[in-house]
Protein chains: 2
Amino acid sequence: MKATDLKPRSNTQRAIDEMRELIFTGRLPAGSDHLESELAAQLGMSRTPVREAALTLEAQGLLEMRPRKGVRILPVSVEDMREIYDVLTELESLAAELAAKRNYSDPELAALAQSIEDMDRAIESENLEIWAEADERFHKELVRLGGNSRVETIVAMMSDQVRRARSITLYMRPVPIKSNVDHRGVLDAIRKGDAAQARRIHHEHRQSAKAVIIDLLERHRLHRV
Amino acid sequence: MKATDLKPRSNTQRAIDEMRELIFTGRLPAGSDHLESELAAQLGMSRTPVREAALTLEAQGLLEMRPRKGVRILPVSVEDMREIYDVLTELESLAAELAAKRNYSDPELAALAQSIEDMDRAIESENLEIWAEADERFHKELVRLGGNSRVETIVAMMSDQVRRARSITLYMRPVPIKSNVDHRGVLDAIRKGDAAQARRIHHEHRQSAKAVIIDLLERHRLHRV
DNA sequence: GCATAAATTTACGTATGCATTAAATGATGC
DNA sequence: GCATCATTTAATGCATACGTAAATTTATGC
């Protein structure tokens with residue numbers, strides 16, 4: 001197979017990927033409506049793959065298909081944030097607990113440790129984008145180490161739903177210095193195999209993150225993001 | 001509007017409903033493959049709504065679309081059961097905790113109490129079908145009382161995934177007498193507003209249900225259901 | 001006989017066409 | 001003017017058509 005032979009992603013898959021990107025960047029703004037035919041034209045394909053993509057994204061909670069009103073990009077309210085963070089709290093804490101029970105070796109925990117170091121360095125160099133990327137990596141890796149594929153899927157879905165809110169508030173947040181204390185605490189607990197502590201620390205970590213972001217949204221009157 | 005004017009569910013919705021039913025009853029057996037065109041013929045419609053239904057059910061973890069191999073009804077392994085019950089444990093326990101914090105009045109808890117009574121009566125009259133229905137009602141109502149719509153959705157999805165396994169093992173299980181002690185404990189804790197206890201009791205309840213059903217599946221060599 | 005290649009079949013991915021019906025617009029009566 | 005009904009418009013839900021590529025079958029060479 002020549003290097004030029006890139007296997008062609010299906011149009012449906014392209015539609016999914018591109019619509020996700022458009023949603024996360026706000027080029028399809030929260031609360032906006034879009035006709036299937038408009039989206040199809042914009043993506044350079046027919047309505048069929050666009051409908052299939054929309055169905056998929058609807059199941060993932062990113063949009064809603066309303067007959068004759070078009071595809072609606074779902075806004076996220078403060079109440080939604082509470083719901084989502086509560087789910088994230090429970091399932092990530094479960095993942096932390098399960099990870100601690102698995103007796104991982106240090107090499108297996110390297111990626112997790114790396115993300116923590118990256119966050120430290122990002123804070124030193126005051127680069128919040130990099131910090132956010134590493135933070136996301138930490139949470140994703142933690143969940144992966146938990147070894148429950150359904151938890152992984154659900155957490156990814158919920159994370160997608162709060163993605164816009166997180167990037168909007170990124171520069172409003174106090175510099176997340178304390179955050180890495182928690183992260184290290186979780187990592188240490190996993191290293192020691194202390195499932196209860198891993199769970200507890202992460203639980204508190206997520207609940208306080210929830211409080212911070214909800215407070216921000218309310219103070220800045222961002223009722224729907 | 002005349003009584004005969006029943007609004008016509010869309011073919012896509014019909015396909016979703018009917019395929020779900022076929023999956024739960026085993027008429028589309030776990031692990032079996034089905035061409036889109038066959039399903040379309042069987043449901044008396046074209047491939048288009050069948051594909052849309054399949055996409056939706058795929059997102060809900062009931063089947064998998066594999067190009068040229070047809071739609072595959074996903075079997076559930078023992079490991080899958082572990083994953084699913086762990087998610088159910090966490091999220092239902094969260095719901096119990098949240099419900100306890102909401103200070104519901106007795107009338108608002110009537111449906112939950114009713115389901116418990118129904119289980120008692122079902123056990124007296126040794127009708128496991130009715131018991132299972134009431135048990136399902138209890139869990140669904142508990143989650144509803146938790147007031148987190150995402151938890152509701154996810155729990156419903158996970159419950160669907162273990163539905164076959166539950167109905168297969170229903171008559172293998174020891175008569176679930178102890179079960180209602182837990183249910184009452186959860187209800188009492190919610191009445192008292194004792195969130196921690198509601199959570200703890202329900203958590204143990206679900207984990208022990210997980211142990212029972214996994215033990216059954218293993219002893220009966222039901223590796224994939 | 002067996003491996004390989006050519007030919008055929010067929011299931012899917014996607015475009016397209018169209019009937020249906022909700023929404024929008026305009027007409028009518030008061 | 002305003003409410004009600006008729007008319008028009010247009011977005012969707014779905015059927016259908018078809019090119020493509022994977023899978024299968026058949027043919028071919030050794």
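At the phosphate of dT14(C), OP1 or OP2 sits under 4.0 Å from a side-chain N or O atom of Thr12(A). Arg68(B) has no side-chain polar atom (N or O) that falls below the 4.0 Å cut-off from OP1 or OP2 of dT10(C).
Among the protein residues, Glu52(B) comes within range of no part of the nucleic acid, since none of its heavy atoms lies under 4.0 Å from any strand. The residue Ser10(A) sits close only to the backbone: its heavy atoms come under 4.0 Å of sugar-phosphate atoms, none of a base.
Under a 3.5 Å cut-off, the side chain of Ser115(B) and the backbone N or O of Leu112(B) do form a donor-acceptor pair. A donor-acceptor contact shorter than 3.5 Å is absent between the side chain of Tyr104(B) and the backbone of Ala99(B). In terms of modelled atom types and a separation under 3.5 Å, the side chain of Gln161(B) and the main chain of Gln60(B) share a donor-acceptor contact.
Nearest to the side-chain atoms of Glu36(A) among the listed nucleotides dT14(C), dA15(D), dG13(D) stands dG13(D).
One interatomic measurement links the two molecules: CG of Asp33(B) to P of dA23(D), which rounds to 13 Å at whole-angstrom precision. The interatomic distance linking Leu35(A) (CG) with dA22(C) (P) rounds to 17 Å, in whole Å. Taking atom CG of residue Leu55(A) and atom C1' of nucleotide dT12(D), one finds them 13 Å apart after rounding to whole Å.
Side chain Arg47(B) to base dG13(C): a donor-acceptor pair is found below 3.5 Å.
Residues Pro75(B) and Asp80(B) come closest through the heavy atom pair O-OD2, 3.8 Å.
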